[in-house]
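By convention here, the first residue in the shown sequence is residue 1. As the structure is a computational prediction, the values presented were derived from the model and not from experiment.
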Amino acid sequence: MRAENSATAPTSIAVPGTLSRVVRASPDGRPADAEVRDTAAGDRGSARPEQPDPRTGTLLAALGVTAFSLTFPATAWGLEGFGPWSLVAVRSVLAALVAGGCLLALRVPLPGRRHWAGLAVVAAGVVLGFPLLTTLALETSTTAHAAVVVGLLPLTTALFSALRVGTRPSRTFWVAAYAGAAVVIAFTVQQSGGALSSADAYLFGALLICAAGYTEGGRLARVMPGWQVIGWALVMCLPLTVPAAAIALSYEPVRLTAHSVTGLLWVAVGSQFLGLVVWYRGMAAIGIPKASQLQLAQPLLTLVWSVLLLGERVTPAAPLTAAAVLVCIAVTQRARG
């Protein structure tokens, strides 16, 4: 009978923004089991996004690397008209305004509470830590020397990934990763004359904190769109970056030039937001370790931009290093992670 069949149908009791309890009744009318589902408004915005295919994911990650490769030259331009603290704070505020505008326009709900800790790690590593430490380093270091950080970043990110999300790349992957990192380090150190500067403490600190932010962002991009990951991380920092920008601008002189404004806009919109949007989406599609190895090409791209935009000189070793790095990237992309 239809009345008897209705006894086995799930009954849902939902309260908006809290928990819904789904109770399955047994044929005699008593509850047989229960399932509690989180239907908070914030979790609706954290639905697992549809991921692109591996080829598209590789392309997106490569676009992110290209955007990041311009960060150091753009920062050098920005430092021509802004102090280091002003540049970092203002870039974060501008990027947060762009990201927040997108979140509001698309009416994206707040992320679930279980994602807040991860977003805080992304904010600390990618929004605040890495930009601040590298900007301070670039006050006394050349972009070629600072590229040592980027050369080590893929390997460090893969290590953080193995610890955080339990990835276990193959032995071939690790051999190629170590080889690529060694080639990039040797090249960048040779470019800087083999001397270590006082900026190294900033650079190595930036390396560690950025790897943590990349790893956590890549993990979150598997359950929410990548642009929302960096968007919410930027917005979370506004209570810190707005007063920091006001204080820094009142103490550090500002000289608006074509270079300083262009550099500021690029690090704010290109590197801090758009670059991370495609980077996190690509990382979610092909995996954190493989995506991180694409960054082995970033120091060489940075050196190319340094020649074209800053007039720095590059030795003839650059083409040989580029070829070696591309071989390492090809091996890591084919190795099973």
Taking all non-hydrogen atoms of both residues, which atom of [X] and which atom of [Y] are closest, and how far apart?
{"X": "L294", "Y": "A61", "value": "CD1-CB, 3.6 Å"}
{"X": "G270", "Y": "A67", "value": "O-CB, 4.1 Å"}
{"X": "A297", "Y": "V325", "value": "N-CG1, 3.9 Å"}
{"X": "A74", "Y": "V267", "value": "CB-CG1, 3.7 Å"}
{"X": "W232", "Y": "V108", "value": "CZ2-O, 3.7 Å"}
{"X": "A95", "Y": "A268", "value": "CB-O, 3.1 Å"}

Would you find a donor on one side and an acceptor on the other, under 3.5 Å apart, between the side chain of [X] and the backbone of [Y]?
{"X": "R255", "Y": "E80", "result": "yes"}
{"X": "W116", "Y": "P111", "result": "yes"}
{"X": "T75", "Y": "T71", "result": "yes"}
{"X": "T302", "Y": "S69", "result": "yes"}
{"X": "T241", "Y": "A89", "result": "no"}
{"X": "S141", "Y": "L138", "result": "no"}
{"X": "E252", "Y": "S86", "result": "yes"}

Side chains of [X] and [Y], heavy atoms from C-beta outward: is any pair under 4.5 Å?
{"X": "L133", "Y": "F204", "result": "no"}
{"X": "Q298", "Y": "L301", "result": "no"}
{"X": "V304", "Y": "V307", "result": "no"}
{"X": "L132", "Y": "W85", "result": "yes"}
{"X": "Y214", "Y": "L276", "result": "yes"}
{"X": "V126", "Y": "F130", "result": "no"}

To the nearest 0.5 Å, how far apart are [atom1] in [X] and [atom2] in [Y]?
{"X": "L119", "Y": "C237", "atom1": "CG", "atom2": "SG", "result": "10.0 Å"}
{"X": "L97", "Y": "C102", "atom1": "CG", "atom2": "SG", "result": "11.0 Å"}
{"X": "T215", "Y": "F160", "atom1": "OG1", "atom2": "CZ", "result": "6.5 Å"}
{"X": "Y202", "Y": "E139", "atom1": "OH", "atom2": "CD", "result": "8.0 Å"}

Next on the checklist: Quick test of your reading: applying side chain to side chain donor-acceptor pair (under 3.5 Å), list the pairs with at least one residue in residues 90-103, sequence neighbours left out, ordered by first then second residue.
Outcome noted: R91-Q272
Checklist entry - Honestly curious: do L94 and V88 fall in one hydrophobic cluster under the side-chain, below-4.5 Å linking rule? => result no
Item to check | Hydrophobic cluster membership, L207 vs L300, 4.5 Å side-chain cutoff | outcome: yes
Item to check | Name of the residue among W266, F82, W77 meeting ring-ring contact (aromatic ring centres under 6.0 Å, His included) with H259 | outcome: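 Among W266, F82, W77, the one meeting ring-ring contact (aromatic ring centres under 6.0 Å, His included) with H259 is W77.
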Item to check | Cluster companions of L104 among Ile, Leu, Val, Met, Phe, Trp, Tyr (side-chain spacing under 4.5 Å) | outcome: none
Checklist entry - Linking Ile, Leu, Val, Met, Phe, Trp and Tyr through side-chain heavy atoms less than 4.5 Å apart, which residues share a cluster with Y251? => result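 Members besides Y251, by chain and number: I247.
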Checklist entry - With a cut-off of 6.0 Å (strictly less than), are more than 12 heavy atoms of other residues, nucleotides or ligands near CZ of F68? => result yes
Item to check | Working for side-chain contact (heavy atoms from CB on, under 4.5 Å), residues V93 and V90 | outcome: CA-CA 5 Å; V93 171; V90 173; 5.7 Å; no
Item to check | Aromatic centroids of F273 and W227 separated by under 6.0 Å | outcome: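 No, the ring of W227 stays outside the 6.0 Å limit from the ring of F273, centre to centre.
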